[in-house]
Structure formats: C-alpha cells, structure tokens
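Structure first, then comments.
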Amino acid sequence: MATNATPFPHRISTKDQYFEAWKMAHDKPQEFWGDIAGSYQWMKPWQKVQSGDFNDLDIKWFEGATLNITANCLDRHLEERGDKTAVIWEANDPKEAPITYTYKELHAEVCRFANVLKDRGVKKGDRVVFYMSMVPELLTGVLACARIGAIHSVVFGGFSAQALAGRIQDCEASMVITCDEAYRGNKTIPLKAITDEALESCTTVKDVLVRKRTGGSITMKEGRDHDLLPMIEKASSDCAPEEMQAEDPLFILYTSGSTGKPKGLMHTTAGYMVWAGYTFNNVFQMDEEDIYWCTADIGWITGHSYITYGPLLNGATTLMFEGVPTYPDAGRFWEVVDKFKVTHFYTAPTAIRALQAMDIELVRKHDLSSLKVLGSVGEPINEEAWEWYNKEVGKERCPIVDTWWQTETGGIMITSLAGVTESVPAHATYPMPGVNTDLVDNEGNIIEGNPAEGNLCVHNPWPGMARTIWGNHERYKETYFTTYPGKYFTGDGARRDNEGRYRITGRVDDVINVSGHRIGTAEVEDAINEHPSVVESAVVGFPHDIKGQGIYAYVICQPGVEKTAEELKPELNEIINKVIGPIAKPDVIQPVSGLPKTRSGKIMRRILRKIAAKDLKDLGDTSTLLNPEIVDEIKKGAGL
Ligand code: WT7
C-alpha cells in the first residue's frame, strides 16, 4: 500500500474543493476514506473500508488492516524530516530552558520508554494510566504505549484520588505513571501522594513509575514504585512497532455524562489515526516550517488529538506547555507565542475571556506577528470574545477556526478550514467531510431547510468515533443512540443559518461546561449528598462571564439543620475536592427546603436553571408541580 512521505496530501485548498470533498465523502464514503487512508503506512492492507452502522453498533474501519500509529507519527518522518523539531516543551517557569526533540530524538525517546514498559512486563492490550502534569514524558509515554500496543488512559492531574481510583479500577490498569509533584503556576500539586491514596483501593496495579519533576519529598513503595527517568536513560532506543489490528483499542479516555459514573470512551487505532491526521491537516492548513501550539492538557481529548497524534501524523512541530496562562503574569501565552514564533495557536474560549479581562498591554507588548491561524475549542465562543481574539491577538489578519467536537468524536467535526472556508463570529460553520449532521426536534423529527434550530445529531459513522464505552457496550448504545434511534445524539443544541453553517448553542442535557471542563451534574450531586446533613441536592449550570458556565447547587439539609450557604460552602467543597476534584466546586450554593418536582417526583431542572440564571421570563406554568409554593421560596432565597 502507498507510503506517502509528502507532508500534507489530501489537503483541501479552496471552498469549492471543500464542498466537493464533503459530497464525495457523503456519496462514496468507502472510496473517499480508502483514498485518504492510502497516504498512511500500513503493515497489511484492509479488506473493507467500513462496516457496521448505528443500528448494529458494530462499527469497524479498515478491517483486516494492521498498522502501528507511532510508525505513522514517527518512523515515517525520519527520512524526510528526521532533524525537524517535532516537539518543543516549554516549562512552567519561563526561566527554565525549553526542551526540544527532533523527529529522530522523539523516535528514540519513545522507543526507550516503550522498552521500559516492556521490561516491567506491560503487554499488548494492558491498560496504563497516566496521572501526570504536562511533562514531556506524558507525550512520550502515551506514544510508548501505542508503540507496544498497550492501551493508555490519561487522567487529568486536577482530579482527586477517589476519581483517579475509580478510573484505574474501571479499566483494571496494571500500571500507573505519575510525577512526584506537578508545577502549576506558583503552586505544586502532590501527584504521587494522591496516587498513593488512590492505590489503597486498587488491586490491579503492579507498578508505579514516577517521573521526578520538582524533587519534592515522596514515599516510594518498595517493589511497586520506580524512578522513571533513570530507567528511560538506560533503555535501548531500539523498539520495533507492535503490529496492531485496525480495530485494536488505542486509548480509553474518561468523560462525564448526564448520569452515572464517568464513561471510559474507547478509541481504536486505524480510524482514529486517519481522523486525527485528516482533520489536523485540513483544519489548520500548516506549512512545513510552521509552529503549532495547542494550550490544552493531554489529560483531555484535545491534547490527545491535537497536541500529540494529529500534529505528529502530519510531521508538524507541536509545542507543549507545562504551565498556566497567568503565570508569572497574564501575558504568558503571548510571551510564549513571541518566544517560539508560534504560527498556529489553539486555545479555549474561557482562556480568551480571562485574558481579555486583563490589562491590554499584556497582549500588546508582545510581538504576535508570527501568528497565521487562531483556533478555539471546548465550549461556545461568544461574539465579544471572538472579536477580541480576532482583533487583539490575530490583528484582524488570522482566520479563526472555531472547532466543535467531543471526547466521543475523536477529532474535529464542525469547523471552518483556516483560510479556505470563511470564519464567522461564534459559528463553528461547516461539518468536516464525512460528517453528516441533522438537527432534530425533541420528537426526533429532522428539521429540514435553513435557518433551523434543534438537537444536533450525526447520522453516519465516521472513522474517529469512539467505538464503545469500556466494559459497557449497552451503556454506549443507550447513551448515544437511543434518544433518536439510528442517530448519534451529541447532547448539544445548534442553529443552522441560511448558508448551512452551524452555531453550537451548548449542551441540552444535564452536562455543564465549566471553563471548557465537562462536568456531569449528577456526579456533583452525588458528592454533595455524601455530606451527612444533606438530604437532597440539585446542580445546574448558569451563565458565567469567564467560565462560560458556573455551577449552582441547590441543597436541602435535614430538618432541624439550619446551615447558611457560607457554612455549607467549605464543607461541601471539601467533599467535592475529595470525590471529584477542585474543578467541580460550586460557584453558588443555595440552601432550600425543597425542590420543585413534578407529580411523578422528577426535579424540574428547567425552573432551577432559570432561577440560577436570574431569568424569570418564561418560567412556565408552575401550578401543576407537586409543590408549587417552593418556587417562590427558592426565588426569594436567590434574591429575586
Ligand atoms: C463538549 C465536549 C472538543 C474537545 C474539548 C471538549 C462543547 C466543544 C465546542 C465549540 C461550542 C463546544 C460541546 C461538546 N464544545 N467545542 N467549538 N463550540 N461548544 O471535549 O470535554 O468531550 O466536551 O464541549 O458542548 O459537547 P469534551
């Protein structure tokens, strides 16, 4: 099968070509994706490009083919661009020297790490959990897993011991890789101590590899814990890529939904590779000499697809940042752009809004003339933030790609293509080739014509989609494919304008998006309900200037317990920190004596959302509630 060393084949360069590609992918998906996949390196060819549908949910791409994704990320580039910089790593502290890896060096480093894993007995199909900060070994470590066919599962370093333990147990990991501590601005986070606590309740983990970063004091458990860096240094840089089946799992990534525990979305090898590679290539439109920086953390899907796999599949230079946007000051992003002459910059609306609120000189004093393309991801971007980003950062000469997608989708689904299709403020705009979107009403009827507004669905399989929820295929079917049978329901609402361009309006289910972090309201409620005085709670999102959404918790305490919001706050925060992590702390707590319920006992969240938003218009008919009088009490308590 073809091995194409040219960096960017199948690049869409004009709007007409975009429409042609979309139509071709729609009419002849097998030919379309077969052609694109042909530019990757395979060990054995596929028998069939795609099989399975949204009824059988036995979806396969490139079945019969074998490959290794790291051969495509690394080995494939060695001849043409072995000395090109693959990764630039910028430390939390600007005074600490950056580290760069050429493709040759990255290849060697990944092979060494892979040999460390092998030496510790990690085999194809084993699960390895990463609980690290943004150190280079997080990136080389996930690639090392992929090299030997182990399944990586990265847990964001802001989650608690209990949340980490839940994920380790769910995927039955045999190894955890962590740091002694993480640097985060002027703080440190005791990752190893948190891991130790998590492991008290985990029985499957045999080894813990510790990447020393701060030198802070930690305890090392004899026989279980090992110092990672010296092991990597000693290991051989020769490690042949494991031959993987197209549908072998590549990684599991946990994310929150409307109900229950976090779900381990499982992505497989070949389809994910083609999707991450194709979308990165076309959305960002990079040239060979460009420098790309995505500010996400590898603990989220954005960091998997668009710090690690997407850029490396395309032979690009990807920047990885350990720190935070506000350290040492709120000009850090722009300082880094200037320092490395970043050309492509991809960040989240919450960061844009936070930096927009700071002194404008923090932006203007840095030279941002290297920038060519700006990206936004993670939540709807409001017009004001879009305009500011365009004017102050892009100086009105950089196309903005507002990329809508999800952990489940593996890669970007709706977006403009930089400089190829138009950027429209606050609009993700057009679906990628291969993505067939529908807006449906609450009964599932497709809303035809433009403009339109409804629930956003996709009605065809695409290569990058998650194939299942780890260990629970029924839940996968139930969560995504039963609301509107035969369709993947995204959980988002959207509008479509007269040109067929999409604007995502936000989640329509019980998921909230706080600073781009996806939080399940049920998970927060479960944590709050662990408080001994709490009888019941209801958590909703409300509009927040910087975070996009804030967390609002209505809490019922036991009869006789008269706690004020101020008294409850530290107590509930402590529990939430323990059960989930600080990212899920409520912004507002309101003690209430009851919650508005229907006669069948269902909480009327719509009313609670309205009150939290201080928007009493269209509160609707409350007289049919089981307890209509409670609405006035809650309004009063909210100061309305
Ligand atoms: C949810 C998915 C995509 C990777 C990071 C988040 C929201 C994401 C956009 C956007 C409006 C967006 C959606 C989606 N979202 N990107 N460009 N415009 N909303 O992945 O944690 O799985 O969250 O983020 O609500 O469903 P995630």
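Counting starts at 1 for both ligands and their atoms, following the listed order.
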Sequence neighbours excluded, every pair satisfying salt bridge (Lys or Arg N to Asp or Glu O under 4.0 Å) that has a member inside residues 392-403: Arg364-Glu392

Do Arg496 and Asn450 meet the criterion of a side-chain donor-acceptor pair at a distance under 3.5 Å? yes

Are Phe481 and Tyr476 close enough that their ring centres sit under 6.0 Å apart? yes

Would you say Ser537 and Glu525 are linked by a side-chain donor-acceptor pair, where the criterion is simply a distance under 3.5 Å? no

Every residue of the protein that comes under 4.0 Å of ligand 1, judged on heavy atoms: Ile301, Thr302, Val377, Gly378, Glu379, Pro380, Asp402, Thr403, Trp404, Trp405, Gln406, Thr407, Asp492, Ile504, Arg507, Asn513, Arg518

With ring-ring contact (aromatic ring centres under 6.0 Å, His included) as the rule and sequence neighbours excluded, what pairs involving residues 391-412 come up? Tyr306-Trp405

Residues that Tyr502 engages under ring pair (Phe, Tyr, Trp, His ring centres under 6.0 Å), provided they are two or more places apart: none

